[in-house]
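Following: one structure in structure tokens, then a few remarks.
Just so you know, ligand 1 is whichever comes first in the structure, and atom 1 is the first atom listed for that ligand. What you are looking at is a predicted structure, and each value in this text was computed from that prediction instead of being measured. All heavy atoms count here, side chains included; hydrogens, waters and symmetry mates do not.
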Amino acid sequence: MSYNDRPIGIFDSGLGGLTVFKALRKLLPEENIIYFGDTARVPYGTKSKEAVIAFSKEIAAYLLSKDIKLLVVACNTASSLALTEIRKISGVPVLGVIEPGAREALEGGEARRVLVIGTSATVSSRAYSLALKKNDASIYVAEKACPLFVPLAEEGWCSGRVAAAAAEKYLGPQKRKGFDTIILGCTHYPLLKKIISAALGPGVRVVDSAMAAARSAKAELEAGGLLRAGLRPPKADEFIVSDAPDKFKGLALKLLKIKTGKVKVMRF
Ligand code: DGL
């Protein structure tokens with residue numbers, strides 16, 4: 001196997017990272033990709049920094065053992081808390097989703113009042129505020145944790161009355177605060193994009209980092225001369241979870257129209 005033939009590894013706590021997987025697949029159709037969802041330990045967003053670092057390093061080491069050429073941390077919580085630690089153990093480039101998401105929000109220069117929503121851990125880390133203000137110190141940023149959105153998505157309840165009530169409870173009070181942009185700072189949240197957008201009302205630009213993260217992965221591979229172009233067609237995508245493979249397979253199809261084929265199980 002030539003070096004460029006090696007797969008891209010990507011992981012999340014569960015199925016949220018599939019939003020990034022989908023963008024990667026679209027932008028890099030010739031690449032081999034391995035996706036890992038830590039379904040046994042989801043959610044990460046309510047756990048301690050130490051736990052998120054330990055889980056993330058375990059998964060990173062596992063994917064590195066599969067000879068990946070790039071690791072995409074498709075989880076805002078792990079990107080906020082564990083990126084530095086993952087990079088210490090990785091011999092290949094490691095990309096998170098925070099920087100690309102912040103850059104995407106600032107593109108066009110119209111964002112002045114930004115609301116970031118994410119898990120409790122991501123919001124406490126202030127990672128988005130730091131990334132946004134590094135680019136533009138004058139920008140106003142508020143962050144709000146919406147922890148129930150993750151279990152709702154993992155349950156497949158991305159629309160309907162319960163999801164809408166949760167969105168209204170979290171975001172209704174934000175409506176009159178004059179935000180022009182909202183960043184979906186959790187890879188699960190694009191699955192609830194419609195109800196999130198409805199709860200905030202019209203005129204608020206909704207930014208998710210999936211495509212931005214995929215673009216940064218492509219740029220990283222290009223810069224390193226690591227693109228797989230011109231070789232044989234890619235292998236079938238590999239999906240691995242730490243528990244409940246059939247539920248993952250069903251929800252990937254239902255929520256994202258992704259046909260995973262057989263989902264393998266890896267228990268740590
Ligand atoms: N999807 C992840 C994120 O982007 C993690 C959600 C969770 O497990 O709490 O933050």
Under a 4.0 Å N-O cut-off, is there an ion pair linking Asp246 with Lys249? no
Are Glu99 and Lys134 close enough for a salt bridge, meaning some N to O gap below 4.0 Å? yes
With a 4.0 Å cut-off on heavy atoms, does Cys75 reach ligand 1? yes
So which heavy atom in the protein is nearest atom 2 (C) of ligand 1, and how far is it from that ligand atom? Asp12 OD1, 3.2 Å
What residue and heavy atom of the protein are closest to atom 9 (O) of ligand 1, and at what distance? Gly45 N, 2.8 Å
Aromatic ring proximity, centroids under 6.0 angstrom, Tyr44 and Phe11: no
Regarding Ser129 and Glu143, do their side chains bring together a donor and an acceptor under 3.5 Å, going by distance alone? yes
Test your reading of the structure: does Thr46 have an N or O sitting under 3.5 Å from an N or O of ligand 1? no
Closest non-hydrogen protein atom to atom 10 (O) of ligand 1, residue and atom name please, with distance? Thr77 OG1, 2.7 Å
Ser90: which of Leu63, Leu70, Ile68, Leu64 passes side-chain contact (heavy atoms from CB on, under 4.5 Å): Leu64
Heavy-atom contact under 4.0 Å between Gly16 and ligand 1? no
Residue, atom name and distance, where the atom is the protein heavy atom closest to atom 1 (N) of ligand 1: His188 ND1, 2.7 Å
Stepwise side-chain hydrogen bond (donor to acceptor under 3.5 Å, both in side chains) check, Ser138 with Arg112: CA-CA 8 Å; Ser138 69; Arg112 299 309 314 152; 2.6 Å; yes
Ligand 1 to Thr119, heavy atom cutoff 4.0 Å, flagged ligand atoms 6 (C), 9 (O), 10 (O)
Just which atoms of ligand 1 are under 4.0 Å from any heavy atom in Val42? 8 (O)
Tell me the protein heavy atom at minimum distance from atom 5 (C) of ligand 1, and give that distance in Å. Ser13 OG, 3.3 Å
Under a 3.5 Å threshold, yes or no: a donor from one side chain and an acceptor from the other, between Thr119 and Thr122? yes
Does a salt bridge link Glu155 with Lys247, judged by any charged N lying under 4.0 Å from a carboxylate O? yes
What do you reckon, does Tyr44 have a nitrogen or oxygen under 3.5 Å from a nitrogen or oxygen of ligand 1? yes
